[in-house]
Amino acid sequence: MSNTQLVLFTLASGRSGTSYLADFFAKNITHCYSTHEPYFTPGNPTLFGKPIAWNTQHNDSALLPELERKCRFIASRKEPVYFESNHAFLKAFNRHAGALLNNPGFIHLVRHPLRVAKSEYMREQMMRKWHFPFADYTSDTGERYFRWALTGREDVFRHYPPSLSRFQFYLLQWLEIEYRAMQLIRDNRWQERVFFIDVDVDLKQEAVLKNMVRFFDLPHQPVFKMDLRRNQTPFIGPTLVTQQDKQEFQAIAHHLPERYKELLQNRLYRDCSWFTEVNQLMIDGN
């Protein structure tokens with residue numbers, strides 16, 4: 001292992017196995033400072049809420065001090081590995097990661113886009129039903145936004161009317177997050193620093209996680225503990241994709257900008273377990 005601190009982040013949407021992976025690191029990776037979403041950790045911003053809006057608005061005078069504070073926190077850790085499985089990374093940090101991160105590595109978690117969107121939609125609905133405190137925040141320009149999501153002012157949303165369903169919003173958010181992931185890797189030539197996991201079939205496979213550990217040369221326990229936490233939404237059963245959900249996906253596919261259509265044809269996604277189903281929906285929608 002290099003003497004330079006290795007800084008690992010996940011490239012992921014929410015509801016894509018980030019808490020499961022955080023538990024894997026906490027129980028199995030040694031000499032590592034690991035965190036999921038660092039609430040209640042002084043000096044380590046979560047990057048949810050206003051930093052997401054600042055990133056969308058390119059308000060770097062407000063955003064950069066938060067990112068630099070996080071980088072100082074990371075650098076102050078004594079452990080040779082820092083790991084954070086926070087889905088705010090691509091929502092708030094993507095434009096400045098190349099300049100601010102030293103010796104980064106990434107675990108790219110990709111789950112079926114319709115299941116992600118349905119799960120995120122259901123989680124938001126649960127929070128609103130139970131009046132979850134601080135679920136919304138007010139931006140510097142007065143708009144109210146859901147704390148854990150993009151704002152809806154990002155470029156991809158400008159091709160659609162305000163009548164988008166919330167499920168369709170989360171579908172477009174998945175596409176934007178994946179576009180940012182691939183752009184980040186390409187622009188910084190970080191292809192050799194990324195370990196990819198098809199969440200639906202591989203995340204819970206011990207052999208795959210062992211390959212990940214070897215890929216980053218991580219110090220670890222002699223025997224892996226695989227009884228790991230699953231962050232299920234309370235009072236909600238399995239995530240089921242309905243025919244209505246598929247029709248809503250087809251409706252946005254028709255107006256999807258070409259660069260997002262091309263994204264899904266990348267070999268990385270073509271090899272995913274869900275590609276055949278989603279690609280056919282794309283074709284039918286166009």
Side-chain angles (χ1 to χ4, degrees), residues 9-16 18 37 45-70 86-100 113-114 116-125 127-128 132-187 245 248-264 285:
F9 280 97
T10 52
L11 305 178
S13 293
R15 314 302 301 150
S16 296
T18 54
E37 296 162 1
T46 66
L47 302 182
F48 290 116
K50 283 190 174 184
I52 296 174
W54 292 335
N55 191 41
T56 296
Q57 298 160 356
H58 287 215
N59 183 1
D60 290 341
S61 62
L63 177 62
L64 275 171
E66 284 291 280
L67 301 183
E68 290 166 350
R69 188 155 66 101
K70 176 175 279 290
N86 185 353
H87 67 88
F89 180 79
L90 285 172
K91 294 181 173 80
F93 208 154
N94 62 301
R95 292 187 304 112
H96 297 288
L100 294 179
L114 278 76
V116 169
K118 190 65 173 284
S119 186
E120 292 206 271
Y121 167 72
M122 292 167 65
R123 175 61 65 95
E124 181 181 345
Q125 292 299 105
M127 288 181 171
R128 297 202 182 284
F132 199 85
F134 313 114
D136 295 318
Y137 68 97
T138 303
S139 73
D140 293 342
T141 49
E143 296 90 355
R144 295 285 288 172
Y145 297 126
F146 187 59
R147 185 170 302 277
W148 295 275
L150 293 177
T151 65
R153 302 298 181 106
E154 294 77 14
D155 286 344
V156 69
F157 294 100
R158 296 176 184 175
H159 298 269
Y160 298 91
S163 57
L164 275 177
S165 73
R166 195 61 176 170
F167 173 70
Q168 289 174 316
F169 170 93
Y170 279 118
L171 287 169
L172 290 173
Q173 176 174 274
W174 184 94
L175 286 160
E176 175 64 21
I177 291 302
E178 290 306 313
Y179 186 83
R180 291 182 183 191
M182 299 305 289
Q183 185 178 50
L184 178 76
I185 295 165
R186 182 187 67 243
D187 290 353
D245 297 332
E248 290 194 29
F249 178 81
Q250 290 174 321
I252 66 168
H254 185 69
H255 298 288
L256 194 64
E258 283 301 317
R259 65 181 182 273
Y260 294 93
K261 293 178 182 179
E262 292 170 2
L263 169 78
L264 288 176

Minimum-distance pair of heavy atoms, taken over all atoms of P113 and W174: CB-CD2, 3.5 Å
Closest non-hydrogen atom pair, L150 against F169: O-CZ, 3.4 Å
Donor-acceptor pair, side chain of T10 and main chain of A12, under 3.5 angstrom: no
Reported CD-to-CG distance for the pair Q168 and D245, which is rounded to 0.5 angstrom: 10.0 Å
Check: R15 main-chain N/O paired with E120 side-chain donor or acceptor under 3.5 Å: no
Distance (rounded to the nearest 0.5 Å) between I52 CD1 and F146 CZ: 10.0 Å
Main-chain N/O of F9 paired to N86 side chain as donor or acceptor, under 3.5 Å: no
Derivation of the side-chain contact (heavy atoms from CB on, under 4.5 Å) call for K91 and L47: CA-CA 8 Å; K91 294 181 173 80; L47 302 182; over 6 Å; no
Main-chain N/O of A117 paired to S119 side chain as donor or acceptor, under 3.5 Å: no
Min side-chain heavy-atom separation L172-L175 under 4.5 Å: yes
Atom pair CG/CG of L171 and L164 - distance to nearest 0.5 Å: 9.5 Å
Ring centroid separation H254 to Y160 under 6.0 Å: no
Backbone N/O of P45 and side chain of K70: donor-acceptor pair under 3.5 Å: yes
Option among R128, M127, R147 that satisfies the side-chain contact (heavy atoms from CB on, under 4.5 Å) test with D136: R128
Close side-chain approach of F157 to T151, heavy-atom, < 4.5 Å: no
Greater than 12 external heavy atoms within 6.0 Å of Y121's OH: no
Side-chain heavy atoms of L256 within contact of H159, under 4.5 Å: no
Euclidean distance, H87 NE2 relative to F48 CZ, rounded to 0.5 Å: 3.5 Å
Single hit among L184, I177, N94 for side-chain contact (heavy atoms from CB on, under 4.5 Å) with L11: L184
More than 12 heavy atoms of other groups within 6.0 Å of R153 CZ: no
Shortest non-hydrogen contact between S139 and E143, atoms and distance: OG-OE1, 2.5 Å
Sidechain N-carboxylate O distance under 4.0 Å for R259, E262: no
Between CZ on residue R95 and CG on residue L100, distance to nearest 0.5 Å: 11.0 Å
Parallel, tilted or perpendicular, as decided by the 30° and 60° cut-offs, for the rings of F132 and W148: perpendicular
Donor + acceptor pair across side chains of Y260, E176 (<3.5 Å): yes
Salt bridge present between K261 and E258 (N-O < 4.0 angstrom): yes
Rounded distance [0.5 Å steps], OH in Y170 versus CG in L114: 15.0 Å
Verdict with reasoning, T56 to E154, per side-chain hydrogen bond (donor to acceptor under 3.5 Å, both in side chains): CA-CA 6 Å; T56 296; E154 294 77 14; 2.5 Å; yes
